[in-house]
Amino acid sequence: MKSLHTLLKIARSDLETLRRALADQIAKDVSVQDRILGHEQTLRNEQMLAQRDYESARAYGGYAVAAIALRKALDAERVLINQEIERLRTLIAEAHVEVRKFERLLELEAERQKAAAAKRENAELDELATQRAARSGG
């Protein structure tokens with residue numbers, strides 16, 4: 001039974017590690033989203049500047065190419081992060097099952113011990129009753 005407690009501790013530790021990793025990935029996703037929003041705002045600002053100024057309009061073409069490449073890179077990074085988030089969620093679900101399995105085994109073991117203790121107690125009471133009956137009848 002001591003090994004079940006150890007296995008439960010390990011399973012809980014693994015689950016907590018996975019939860020922290022998921023939180024890190026979610027934070028990375030939020031960071032990339034913020035970078036995308038910032039990038040879009042910068043792009044809008046550059047577009048407005050290009051509409052107002054001829055020199056800015058000439059330079060905007062090169063900027064637009066670089067901006068599109070950056071946006072594609074951010075989108076690709078976000079896809080990878082979301083794939084990792086889904087993988088971690090699957091692992092967390094499996095880890096929950098593992099933790100619950102060990103918890104249930106410990107519950108069953110405790111129930112068995114309780115039943116065995118009750119059986120021993122009943123046997124002792126039966127023995128005492130038999131001895132008492134033998135003394136009073138004899």
Side-chain angles (χ1 to χ4, degrees):
M1 180 147 121
K2 187 173 184 174
S3 64
L4 283 179
H5 285 290
T6 302
L7 291 172
L8 178 60
K9 284 181 185 178
I10 291 169
R12 284 181 176 161
S13 174
D14 291 346
L15 178 60
E16 190 57 37
T17 300
L18 289 169
R19 284 181 176 157
R20 281 193 297 273
L22 177 62
D24 289 344
Q25 289 301 315
I26 290 172
K28 283 182 185 178
D29 186 47
V30 168
S31 173
V32 172
Q33 283 176 335
D34 290 345
R35 287 172 43 206
I36 288 172
L37 292 175
H39 175 68
E40 289 173 353
Q41 183 61 45
T42 302
L43 187 59
R44 282 191 294 275
N45 293 342
E46 290 295 326
Q47 286 171 342
M48 288 191 312
L49 186 60
Q51 290 172 353
R52 285 187 258 149
D53 182 20
Y54 174 75
E55 288 299 318
S56 296
R58 286 182 42 177
Y60 180 75
Y63 174 78
V65 171
I68 290 170
L70 177 60
R71 177 57 194 252
K72 284 182 181 177
L74 289 171
D75 287 341
E77 183 177 352
R78 195 141 182 252
V79 166
L80 291 174
I81 290 169
N82 284 315
Q83 287 173 348
E84 181 64 8
I85 286 172
E86 288 308 310
R87 186 184 78 81
L88 287 169
R89 284 186 174 146
T90 301
L91 291 174
I92 287 171
E94 292 169 0
H96 272 292
V97 169
E98 192 76 10
V99 167
R100 185 63 191 128
K101 179 174 63 174
F102 289 124
E103 288 172 345
R104 185 65 185 138
L105 287 171
L106 285 169
E107 289 169 6
L108 291 173
E109 181 64 27
E111 288 172 12
R112 274 190 228 109
Q113 287 179 352
K114 221 182 254 186
K119 187 175 180 179
R120 279 192 306 274
E121 186 177 320
N122 285 337
E124 289 172 6
L125 290 174
D126 287 346
E127 180 65 28
L128 287 174
T130 303
Q131 288 175 0
R132 191 175 278 173
R135 274 188 247 143
S136 63

**OP:** Can you sort out the partners of E77 under salt bridge (charged side-chain N to carboxylate O under 4.0 Å, His left out), two or more places apart, ordered by chain and number?
**Re:**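 E77 satisfies salt bridge (charged side-chain N to carboxylate O under 4.0 Å, His left out) with R35 once adjacent residues are dropped.
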Subject >> Sequence-distant partners of E124, salt bridge (charged side-chain N to carboxylate O under 4.0 Å, His left out), two or more places apart >> reply: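 None.
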Taking the side chain as every heavy atom from C-beta outward, state whether [X] and [Y] have any pair of such atoms under 4.5 Å apart.
| X | Y | value |
| --- | --- | --- |
| R100 | H96 | no |
| L74 | L70 | yes |
| D14 | V99 | no |
| L18 | L22 | no |

Considering residues at least two apart in sequence or located in another chain, which fulfil the side chain to side chain donor-acceptor pair (under 3.5 Å) criterion with [X]?
| X | value |
| --- | --- |
| R132 | none |
| Q131 | E127 |
| E98 | K101 |
| E40 | R71 |

Subject >> Whichever hydrophobic residues join L43 through chains of side-chain contacts under 4.5 Å >> reply: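 Members besides L43, by chain and number: Y60, Y63.
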**OP:** Could you tell me whether a side-chain N or O of S13 sits under 3.5 Å from a main-chain N or O of K9, the two making a donor and an acceptor?
**Re:**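 A pair under 3.5 Å: no.
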Original post:
Are the side chain of S31 and the backbone of A27 linked by a donor-acceptor contact shorter than 3.5 Å?
Top reply: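 No; zero donor-acceptor contacts below 3.5 Å.
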**OP:** Using a cut-off of 6.0 Å, state whether more than 12 heavy atoms not belonging to E121 lie near its atom CD.
**Re:**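 Check fails, neighbour count at 12 or below.
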Return the set of residues passing side chain to side chain contact (heavy atoms under 4.5 Å, CB included) with [X] (not counting sequence neighbours), or none when no residue passes.
| X | answer |
| --- | --- |
| N45 | Q41, M48 |
| E111 | R104, L108 |
| I68 | K72 |

Original post:
What are the two closest heavy atoms between A50 and A57, and how far apart are they?
Top reply: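 It is O-CB, 3.2 Å.
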Original post:
In terms of hydrophobic clustering (I, L, V, M, F, W, Y; side-chain heavy atoms under 4.5 Å; direct or indirect links), are I10 and L106 co-clustered?
Top reply: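 No: no chain of side-chain contacts under 4.5 Å links I10 to L106.
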Original post:
Given E109 and H5, is the side-chain contact (heavy atoms from CB on, under 4.5 Å) satisfied, shown in steps?
Top reply: CA-CA 11 Å; E109 181 64 27; H5 285 290; over 6 Å; no
Show every donor-acceptor pair shorter than 3.5 Å between a side-chain atom in residues 80-91 and any protein atom, with sequence neighbours excluded, or say none if there are none.
unit_1: N82; atom_1: ND2; unit_2: R78; atom_2: O; d: 3.1
unit_1: E84; atom_1: OE1; unit_2: R87; atom_2: NE; d: 3.0
unit_1: E84; atom_1: OE2; unit_2: R87; atom_2: NH2; d: 2.8
unit_1: E86; atom_1: OE2; unit_2: R89; atom_2: NH1; d: 3.2
unit_1: T90; atom_1: OG1; unit_2: E86; atom_2: O; d: 3.1

